[in-house]
2 protein chains.
Amino acid sequence: MALGKDYATQECSLASALEVVGERWTLLVIRDALYGVRRYNDFLVHLGIPRAVLSARLRTLTEEGILEKRRYQDSPPRDEYVVTERGIELWPALRALAVWGREHFTERRLRYFRHVDCGTELGSYGECPACGTVVPAADVLLTPGPGLDPDPADPVSRALLKPKRLLEPLETDHA
Amino acid sequence: MALGKDYATQECSLASALEVVGERWTLLVIRDALYGVRRYNDFLVHLGIPRAVLSARLRTLTEEGILEKRRYQDSPPRDEYVVTERGIELWPALRALAVWGREHFTERRLRYFRHVDCGTELGSYGECPACGTVVPAADVLLTPGPGLDPDPADPVSRALLKPKRLLEPLETDHA
DNA sequence: CACCGTTGGTTCGTTCATTGAACCTGCGAG
DNA sequence: CTCGCAGGTTCAATGAACGAACCAACGGTG
């Protein structure tokens, strides 16, 4: 998107945002990163995305400061991608889009977003109805819903069967 | 997006939403519709989008119930596209994305979103800090910012120099 | 009546992005 | 020495976007 014909003439901050995160797969990569996915292979399997596209997205997201590439072991050299503050700030937008999608295009309930302090499900603009405060991404508890049907071959969807906080690294059993 | 390789295996309401509004240009078309743009030619000029793509997007948005095609004159037959309730419910997501884009990728201030009742600029999750309520799309006043540099050949950007409420039809002087 | 302009499109050849399969690399384990 | 794993790159084929040209229904003007 950034090359060739872009949204540059738009005079609009929404267009600026879409320049960065508007390409196919990009928002799903960020969603997974917020869910705690960090490794190339976990993104690959969970998203079912072509490798070339995943590499391209991870590169531009790193360049734009939304993910950070971090060496987690030498020998063999292995990197992981961790979401930055700038990426975390996309949480309200992602949540709002997800809520809209659920209300209009999903029949079964797949996941709940709850306030980690009290377990209450978040309201329509991201607040905790019980506590009366807007819940930051780090205090969101992700719990599975009844409609979930995980792929047994996918470590990420298996790990997401347990409740977990956003941003915390996912414990995938790469056995 | 809807055909061939889609996000169908994602088990996620965000993916469902992106199936519908995740294609290139789609969210910008909806933004314009919320701003009050209703006519084919206004979308065309303001977005700078290829005609074939605009036709395709308007068709799928109509099919998905986000826009409604409405005859506004016979002879010659002329239709306009009006945003529906389902489209209006995308406002929180669009606003959140625009706020993120402004904070990270725009230097100049292009537009303000204000509460029409009191003129206060909306807070980061769409609330009015003065009134303490979340402001629905219909009560948002769009006002131009100092960084705006409108294209004189574009009726929409000229019309947006005046403050206007969201959803109200844009008064474009097609002279 | 001939012609022009406006609105709202469709068609079509070129260019660009996405896809999926195959291949490559560094390294540890058996 | 060979296997397997993580994390990639390369490449041919397909599909989507681009932009210019064309079409059509009508109203207005000379």
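Every chain is numbered from 1, with letters handed out A, B, ... down the list of sequences.
For dG7(D), the base has a donor-acceptor partner in the side chain of Arg51(A) [N/O atoms by modelled type, under 3.5 angstrom].
Linking ILVMFWY side-chain heavy atoms closer than 4.5 Å, directly or via other members, places Leu94(A) and Tyr35(A) in a single hydrophobic cluster.
If you check dG7(D), dT19(C), dG28(C) against the side chain of Val53(A), the one that comes closest is dT19(C). Comparing atom distances between the Trp25(B) side chain and each of dG8(C), dC18(D), dC26(D) picks out dC18(D) as nearest. Distance from the side chain of Tyr40(A) is smallest for dG7(D) among the nucleotides dC11(D), dG7(D), dT10(C). Comparing atom distances between the Arg78(B) side chain and each of dT10(C), dA17(D), dT7(C) picks out dT7(C) as nearest. Here the nucleotide nearest the side chain of Ser55(B), chosen from dT10(C), dG28(C), dA22(C), is dT10(C).
Of the residues Arg86(A), Glu89(A), Glu85(A), the one that meets the side-chain contact (heavy atoms from CB on, under 4.5 Å) test with Ile66(A) is Arg86(A).
Distance Tyr81(B) OH to dG8(C) P: 8 Å, rounded to the nearest Å. Asp42(B) places its CG atom 8 Å from the P atom of dG8(C), with the value rounded to the nearest Å. Following rounding to the nearest Å, Arg24(A) (CZ) and dT14(D) (C1') show an atom-to-atom distance of 13 Å. Note: CG (Leu54(B)) to P (dT10(C)) measures 10 Å, nearest angstrom. Look at CG on Leu44(B): it is 13 Å from C1' on dT6(C), rounded to the nearest Å. If you take CD1 of Ile49(B) and C1' of dG19(D), they are 12 Å apart, rounded to a whole angstrom. The CD-P distance, from Glu19(A) to dA17(C), rounds to 12 Å in whole Å. Separating the CG atom of Leu58(B) from the P atom of dG9(C) is a distance of 7 Å, rounded to the nearest angstrom.
Non-hydrogen atoms lying under 4.0 Å from DNA chain C are contributed by Ser75(A), all within residues 59-75 of chain A.
At least one side-chain heavy atom of His104(A) sits less than 4.5 Å from a side-chain heavy atom of Trp100(A).
For Asp32(A), there are no salt bridge (charged side-chain N to carboxylate O under 4.0 Å, His left out) partners, not counting sequence neighbours. In this structure Arg51(B) satisfies the salt bridge (charged side-chain N to carboxylate O under 4.0 Å, His left out) test with no other residue, sequence neighbours excluded.
Sequence order on DNA chain C of the closest nucleotides to Asn41(B) and Arg57(A) puts Asn41(B) first from the 5' end. For the pair Pro77(A) and Pro50(B), both in contact range of DNA chain D, the more 5′-proximal nearest nucleotide belongs to Pro77(A).
Base contact: Ala52(A) has a heavy atom under 4.0 Å from a base atom.
Taking the six-membered ring for Trp and thresholds of 30 and 60 degrees, Tyr125(A) and Tyr125(B) have nearly parallel ring planes, at less than 30 degrees apart.
Ring to ring, Trp91(B) and Phe113(B) are close: their centroids are under 6.0 angstrom apart.
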